[in-house]
Amino acid sequence: MSDRLLTIEGLATGYDGVAVVRDLSLHVDAGEVVALLGPNGAGKTTTLMTVSGMGQVLGGSVAIMGRPVPRLRQAHRVARWGVIHVPENRGLLFQLTVRENLQLAKTRGRVDVDRAVDFFPALGPLINRRAGLLSGGEQQMLVLGRAIVAEPKLMMVDEMSLGLAPVIYEELMPVVRRIADETGAGVLLVEQHVDLALEVSDRGYVLNHGDLVMQGAATDLLADRALLDASYLGVESLEE
């Protein structure tokens with residue numbers, strides 16, 4: 001059986017028939033973290049939304065474990081395949097407790113709340129506190145904990161560090177690596193903090209204005225910072 005969880009080939013996707021991303025190809029295998037990088041407006045979030053069934057496939061294809069993602073928006077079908085999308089706005093229910101938010105993450109079977117606490121011990125003493133009373137870092141832990149108890153096959157994390165102090169997201173980023181290593185889930189990670197993202201990733205892709213401009217092993221991308229910075233900042237010619 002193949003370990004390939006996500007296959008994107010020649011993808012064009014956008015809104016109202018207008019492509020924001022063009023001719024994108026990438027893949028994510030079980031147990032690996034893949035970083036999707038690029039400046040604001042490059043098409044990173046649009047790509048995640050399309051994979052999760054909330055975007056519009058205008059060309060090319062997206063397949064999850066060999067099953068094509070529908071061209072029409074059908075996020076509920078994609079979620080049943082084991083795809084968990086962690087959005088940048090976190091999407092918590094603030095009036096519910098930590099425990100209740102975790103319990104809502106899984107529609108069938110027993111919810112292993114202790115699993116989330118194992119990854120994020122700070123949630124233990126907060127288990128009966130309303131999510132709206134948590135700090136930003138604690139809310140992000142809850143979001144990731146909720147994804148873990150849902151037992152994803154593919155987890156997509158969009159801008160985990162948004163609004164967090166550096167000391168917090170520096171602590172959280174290695175947990176993404178641990179999730180992939182211990183659960184076997186594949187992780188597609190969108191993140192503005194390039195170095196931190198690549199340090200926990202196996203491979204990386206760089207988008208600029210909707211086009212794929214660079215890709216490779218994370219260690220290679222980190223080693224060639226001049227080329228990575230040129231790609232990331234949108235320099236017209238990378239050979240100058």
Side-chain angles (χ1 to χ4, degrees), residues 1-15 20-21 24-37 43-58 60-93 101-109 111-112 115-116 119 140 142-160 175-191 197 200-205 207:
M1 183 177 179
S2 174
D3 289 332
R4 185 63 43 89
L5 299 176
L6 172 65
T7 305
I8 298 177
E9 295 183 343
L11 175 66
T13 183
Y15 308 95
V20 174
V21 175
L24 172 63
S25 296
L26 63 80
H27 68 273
V28 179
D29 291 339
E32 74 170 352
V33 180
V34 175
L36 183 59
L37 308 172
K44 307 182 300 297
T45 294
T46 300
T47 300
L48 297 194
M49 291 181 65
T50 300
V51 172
S52 62
M54 294 184 288
Q56 185 179 28
V57 178
L58 302 173
S61 64
V62 179
I64 296 170
M65 291 169 284
R67 291 175 287 195
V69 170
R71 287 179 176 265
L72 298 176
R73 295 178 178 89
Q74 296 191 39
H76 61 287
R77 286 183 56 191
V78 176
R80 286 200 295 266
W81 298 343
V83 177
I84 298 296
H85 188 165
V86 180
E88 59 183 354
N89 66 3
R90 299 178 185 150
L92 293 172
L93 296 176
N101 270 276
L102 292 172
Q103 289 172 335
L104 286 175
K106 196 172 180 181
T107 57
R108 296 181 181 177
V111 176
D112 188 0
R115 182 67 167 155
F119 278 88
Q140 191 62 69
L142 176 54
V143 170
L144 291 172
R146 189 174 59 180
I148 290 167
V149 299
E151 299 181 330
K153 293 181 173 65
L154 174 66
M155 185 169 76
M156 300 187 296
V157 183
D158 195 357
E159 299 289 5
M160 182 176 68
V175 180
V176 173
R177 176 76 262 172
R178 183 185 165 198
I179 291 170
D181 290 342
E182 294 190 14
T183 72
V187 180
L188 183 57
L189 175 66
V190 165
E191 181 54 56
V200 302
S201 298
D202 297 284
R203 294 180 293 107
Y205 297 83
L207 285 175

Working for side chain to side chain contact (heavy atoms under 4.5 Å, CB included), residues Met160 and Leu144: CA-CA 9 Å; Met160 182 176 68; Leu144 291 172; 3.4 Å; yes
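- For Ala35 against Ser201, the heavy-atom pair with the smallest separation is CB-OG, 3.5 Å.
- Residues Ile8 and Leu24 come closest through the heavy atom pair CG2-O, 3.2 Å.
- Contact check for Leu6 versus Val62: side-chain heavy atoms found under the 4.5 Å cut-off.
- Shortest non-hydrogen contact noted between Ala105 and Ala150 is O-CB, 3.5 Å.
- Between Thr13 and Val20 the shortest side-chain heavy-atom distance does not fall below 4.5 Å.
- Counting heavy atoms from C-beta outward, Glu159 and Lys44 have side chains that approach closer than 4.5 Å.
- Asp29 CG to Asp202 CG: the interatomic distance, rounded to the nearest 0.5 Å, is 9.0 Å.
- Proximity of Val175 to Gln140: side-chain heavy atoms (C-beta onward) are nowhere separated by under 4.5 Å.
- Scanning all heavy atoms of the two residues, the minimum distance from Leu102 to Ala116 falls at CD2-CB, 4.0 Å.
- Within the 4.5 Å cutoff, the side chain of Leu207 has heavy atoms near those of the Thr47 side chain.
- Atom CG in Leu36 sits 11.5 Å away from atom CD in Glu191 (nearest 0.5 Å).
- For the atom pair CD1 (Ile148) and CD1 (Ile179), the distance works out to 3.5 Å, reported to the nearest 0.5 Å.
- Residues forming a salt bridge (Lys or Arg N to Asp or Glu O under 4.0 Å) with Glu32 (at least two apart in sequence, or on another chain): Arg203.
- Between the NE2 atom in His85 and the CG atom in Leu154 there is a gap of 10.5 Å [rounded to 0.5 Å].
- A donor-acceptor contact shorter than 3.5 Å links the side chain of Ser25 to the backbone of Gly10.
- Between Val21 and Gly43 the shortest heavy-atom distance is CG2-O, 3.4 Å.
- Residues Leu92 and Arg146 form a side-chain contact, since some pair of their non-hydrogen atoms from C-beta on lies under 4.5 Å apart.
- For the atom pair CG (Asp158) and OG1 (Thr45), the distance works out to 3.5 Å, reported to the nearest 0.5 Å.
- Taken from OH in Tyr15 to CG in Leu58, the straight-line distance is 11.0 Å, to the nearest 0.5 Å.
- Residues passing the side chain to side chain contact (heavy atoms under 4.5 Å, CB included) test with Val78, sequence neighbours excluded: Ile64, Val69, Pro70, Trp81, Val83.
- Considering all non-hydrogen atoms of both residues, Gly186 and Leu5 come closest at N-CD1, 3.4 Å.
- Listed by chain and number, the residues in a salt bridge (Lys or Arg N to Asp or Glu O under 4.0 Å) with Arg67 amount to none (sequence neighbours excluded).
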